[in-house]
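Heads up: the structure comes next, in structure tokens.
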Amino acid sequence: HQFSSPVINATSNAFGNTDLFEWNEPQNEYIPVPDDDDTLEVLKGYLAINNDQVMNPAVFEGTGLLSGVYSADFTNNGAGNSHAGGFNLTGNPYPSAMNWNDAENVALSQVDPVLYVLNGEAGNFGTYIRGDHASSTLGIDSIIGTHQGFFVHVNHTFDSGSLTVNNGARFHNHHPLRAATAARSD
């Protein structure tokens with residue numbers, strides 16, 4: 001499943017015997033996180049693929065819970081071509097849900113207002129366009145669960161963009177983490 005760490009200085013070994021990957025936008029592919037003790041970046045999304053038949057619980061250890069204002073810069077190496085490049089994996093950095101519709105506290109710069117979330121049960125990405133409840137696919141809505149990873153897309157007319165979130169977007173909600181239920185089979 002895709003996730004983002006809600007803990008300051010968490011390391012990549014939080015998932016035990018699970019392979020972690022990060023999204024490489026210029027190559028348009030997942031690449032392995034090289035070490036088990038790499039520090040997970042704030043507001044960066046990761047993909048966890050389980051190698052066991054039993055899902056290991058994540059144990060995020062660090063120096064405190066994330067709280068405050070965070071920004072991430074994104075790239076679009078396919079700028080000028082609306083279907084190539086520009087997808088960046090990010091995630092909810094907070095230990096609580098956040099609302100994608102809260103434009104005051106979830107600020108987008110040159111990023112399309114669309115949320116792309118991997119729905120493990122459906123085996124595909126669901127989408128949600130900010131403020132358009134009818135746009136929801138595969139059960140994805142404006143609520144981004146605790147440490148949920150998701151893709152954003154830098155608008156095809158730009159080669160970069162950014163996302164800035166702050167505490168005002170946070171609220172308490174028991175929104176499920178969108179995770180696959182099957183283990184890796186290869």
Side-chain angles (χ1 to χ4, degrees), residues 1-7 9-60 62 66 70-79 81-94 100 108 110-112 114-128 137-140 144-156 158-163 165 176-186:
H1 69 269
Q2 295 173 325
F3 74 95
S4 182
S5 175
V7 176
N9 295 322
T11 59
S12 55
N13 62 5
F15 285 87
N17 188 28
T18 300
D19 291 332
L20 292 187
F21 298 85
E22 57 189 347
W23 182 254
N24 184 298
E25 188 273 331
Q27 295 177 359
N28 200 36
E29 67 181 2
Y30 288 102
I31 59 172
V33 172
D35 296 315
D36 285 340
D37 61 353
D38 278 359
T39 300
L40 300 176
E41 295 178 39
V42 175
L43 208 60
K44 183 172 185 173
Y46 296 90
L47 175 69
I49 297 179
N50 189 4
N51 294 311
D52 295 331
Q53 294 301 315
V54 177
M55 186 60 155
N56 299 313
V59 179
F60 290 107
L66 291 169
Y70 299 99
S71 292
D73 294 323
F74 303 125
T75 58
N76 183 348
N77 285 285
N81 180 348
S82 63
H83 299 292
F87 285 96
N88 293 263
L89 184 55
T90 187
N92 177 357
Y94 298 119
W100 183 251
L108 305 173
Q110 299 173 178
V111 171
D112 297 330
V114 183
L115 182 64
Y116 301 86
V117 180
L118 180 60
N119 182 317
E121 292 177 7
N124 206 341
F125 286 88
T127 60
Y128 177 80
T137 64
L138 297 179
I140 304 305
I144 303 168
T146 302
H147 69 80
Q148 176 69 59
F150 57 93
F151 275 98
V152 294
H153 183 260
V154 174
N155 187 282
H156 71 276
F158 300 101
D159 59 6
S160 65
S162 66
L163 166 68
V165 297
L177 179 66
R178 306 290 179 175
T181 55
R184 184 169 156 175
S185 61
D186 60 359

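Position 1 is the first residue of the sequence, and the numbers go up from there.
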Measure the spacing between [atom1] of [X] and [atom2] of [Y] and express it to the nearest 0.5 Å.
| X | Y | atom1 | atom2 | answer |
| --- | --- | --- | --- | --- |
| L40 | T11 | CG | OG1 | 6.5 Å |
| F150 | L89 | CZ | CG | 9.0 Å |
| S5 | K44 | OG | NZ | 12.5 Å |

How far apart are the closest heavy atoms of [X] and [Y], and which atoms are they?
| X | Y | value |
| --- | --- | --- |
| F125 | L118 | CD2-N, 3.5 Å |
| S12 | L20 | O-CD1, 3.0 Å |
| Q27 | N24 | N-OD1, 2.9 Å |
| D112 | W100 | O-CZ2, 4.4 Å |
| Q148 | Q2 | NE2-O, 3.5 Å |
| F3 | A48 | CE2-CB, 4.0 Å |

(message) Against V111, only a single residue in N88, T90, N155, V152 fulfils side-chain contact (heavy atoms from CB on, under 4.5 Å); can you say which?
(response)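 Option passing the side-chain contact (heavy atoms from CB on, under 4.5 Å) with V111: V152.
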(request) Applying ring pair (Phe, Tyr, Trp, His ring centres under 6.0 Å) between Y116 and each of Y128, W23, F87, report the one that passes. (result)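 Checked Y128, W23, F87 against Y116; only one passes ring pair (Phe, Tyr, Trp, His ring centres under 6.0 Å): F87.
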Heavy-atom check, side chain of [X] versus side chain of [Y], under 4.5 Å:
| X | Y | value |
| --- | --- | --- |
| V165 | Y94 | yes |
| N77 | E25 | yes |
| I31 | E22 | yes |
| F21 | P32 | yes |

Ignoring hydrogens and geometry, is there a side-chain-to-backbone donor-acceptor pair from [X] to [Y] under 3.5 Å?
| X | Y | value |
| --- | --- | --- |
| N76 | H153 | no |
| T127 | T137 | no |
| N92 | I144 | yes |
| Y46 | G149 | no |

(message) For H147 and H1, take the angle between the two ring planes, folded into 0 to 90°, and tell me which bin it lands in: parallel under 30, tilted 30 to 60, perpendicular over 60.
(response)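 The rings of H147 and H1 sit tilted, inter-plane angle from 30° to 60°.
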(request) Applying side-chain contact (heavy atoms from CB on, under 4.5 Å), run through L163 and L108 and close with a yes or a no. (result) CA-CA 5 Å; L163 166 68; L108 305 173; 3.6 Å; yes
